Amino acid sequence: MHNIKDIRDNIDNFEKSLLKRNIKIEKANIGNLDKENRKLIQDKELLEKEKKNISKTKDQNLFEKSKEISKKIEKLSRDQSEIKIKLDTILSSLPNIPLDDVPVGKDENSNVEIKKFGEIKKFDFKPKPHFELGNSLNMLDFDLATKTTGSRFVFVKNQLALLERALSNFMLDTHINKNNYLEISPPLIANENTMYGTGQLPKFENDQFELVLDDKNDRKFLIPTAEVILTNMVKDKILQVKDLPLRFVASTPCFRKEAGSYGKDTKGMIRQHQFYKVELVSIVEPNNCNDELERMTNCATNILDLLKLPYRKMLLCTGDMGFSAEKTYDIEVWIPSENKYREISSCSSCSSFQARRMKARYKNSKNETNFVGTLNGSGLAVGRTMIAILENYQQSDGSIKVPDVLKPYMNNMEKIHNN
RNA sequence: GGAGAGAUGGCUGAGCGGUUGAAAGCACCGGUCUUGAAAACCGGCAAAGGGGCAACUCUUUCCUGGGUUCGAAUCCCAGUCUCUCCGCCA
């Protein structure tokens, strides 16, 4: 959510910044609504003051007049709230402003590669895609999931289920013990206000799985990412500066409708309606957003370093960033069967954009109340990490070598194989 | 599912129709004292919104939404959440 005051003072810059994201704002409309809103507030406050004075005098002769004023106030405040709702509807659907160092572009083709890491393994056989490997191991079953549930779900069995669990635990332990994140096991369901806070609502309702409840006013959603619930842990709070930064980590299932991605990544478990993800969330002083973004991204890539998986770090362009982000790094891991890099983590700074929606504030060293900065990043997407391990660690016989760092989590198993 | 109790500022907690935006304590900030710190003492300290270059000023807010009243944190109604007891249950 943007601060209308900032927009008012600088509407041309605001327009320009959003244009970088291909968003055209109706400048005149916003300006008029804002003016109208303030006019009505002023009129209303004048009457309120008058009314207040009458009741202070306790003069019975003026009581009738006070009643009349009440009616006028009622009307004004109805009009005003209507205008305010219109204005807020517009403002709440506008994405965050990109930072200056974010490249401008309309889609992922304009993303900028920062650096490649790790070595791409040369296979002396044709590397198989993960779903073939999983299928022949009898440890990934997509057909069964289709039968029980529907498309874009999967049964993970046997040692791959262990691998999935091992990955979660390995990532969690690393972030908790090495990177100083606080482990959280959060609710997987969020209410409407929470979803609004991080920016999933109102604009992206179609991507969410909503629960069917008896009470239509009580709306609840399966979380599309733990970012939603972890970031909202500071909703409606006024924190002390000494409490910051807060760093949370959770491994949770994530649920996404993937609306509009028909025909995209239909094979395998690249794009699923449900997947595990280890999520990092930081709550910081707004000035520290940039440093924290670098730190967080390093925490994420550190996992790939330890797993010895090749990857590259991308700086997303304006057109490819998420709604709430001011700057985003994607980490892409090497997928041998596709002969390309695929997103495995996305780390974003959201400045005070989400904080303003959540009313998450802190008192700075001067004792002034201010909105916090929020960041979120995957550290990492567990399902896609499993894909990367299957493909990068595959052997010619279809077995999968277990990465060294995971062995302690998998009964010191050397290889995942069929019998 | 049944029966009660409650929801007040960053936190704890008074107030139960008229200078109450709200006592007190804690926390926090500034100062005195101290070599420094602690303690003690003095002072300050809610948020949101509007107006003003500013000093400042106005309005709203005591869970949410309605209602009663000239006037509501205080009374009435509905809802949400929390706690206790009983029942049921992973």
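Because the structure is a prediction, the values reported are computed rather than measured. Within every chain, numbering begins at 1; the chains are lettered A, B, ... in the order of the sequence lines, protein sequences first and strands thereafter.
Per the geometry, CD belonging to Glu192(A) stands 20 Å off P belonging to G79(B), to the nearest Å.
Looking at heavy-atom distances under 4.0 Å, Ser55(A) makes contact with a base. Heavy atoms of Lys237(A) sit nowhere under 4.0 angstrom from any nucleic acid atom. In this structure, Arg356(A) reaches neither bases nor backbone, as no heavy-atom distance under 4.0 Å exists between it and the strands shown. Lys5(A) comes within 4.0 angstrom of the backbone, heavy atoms only, and of no base.
OP1 and OP2 of G52(B) both lie 4.0 Å or more from every side-chain N or O belonging to Arg38(A).
Considering Asp330(A), Asp305(A), Ile303(A), Ile344(A) in turn, Asp305(A) is the only one that fulfils the side chain to side chain contact (heavy atoms under 4.5 Å, CB included) rule with Tyr311(A).
Residues Thr385(A) and Met171(A) have side chains in contact (heavy-atom distance under 4.5 Å, counting atoms from C-beta outward).
If you find the closest nucleotide of RNA chain B to Asp34(A) and to Leu62(A), the one lying nearer the 5' end belongs to Asp34(A).
With C1' as the reference atom, U19(B) and A73(B) are 16 Å apart, rounded to whole Å.
Candidate nucleotides C70(B), G51(B), U60(B) were compared by shortest atom distance to the side chain of Glu48(A), and U60(B) ranks first.
Judged by the 6.0 Å distance and 45° axis criteria, Arg165(A) is not positioned over the aromatic ring of Tyr409(A).
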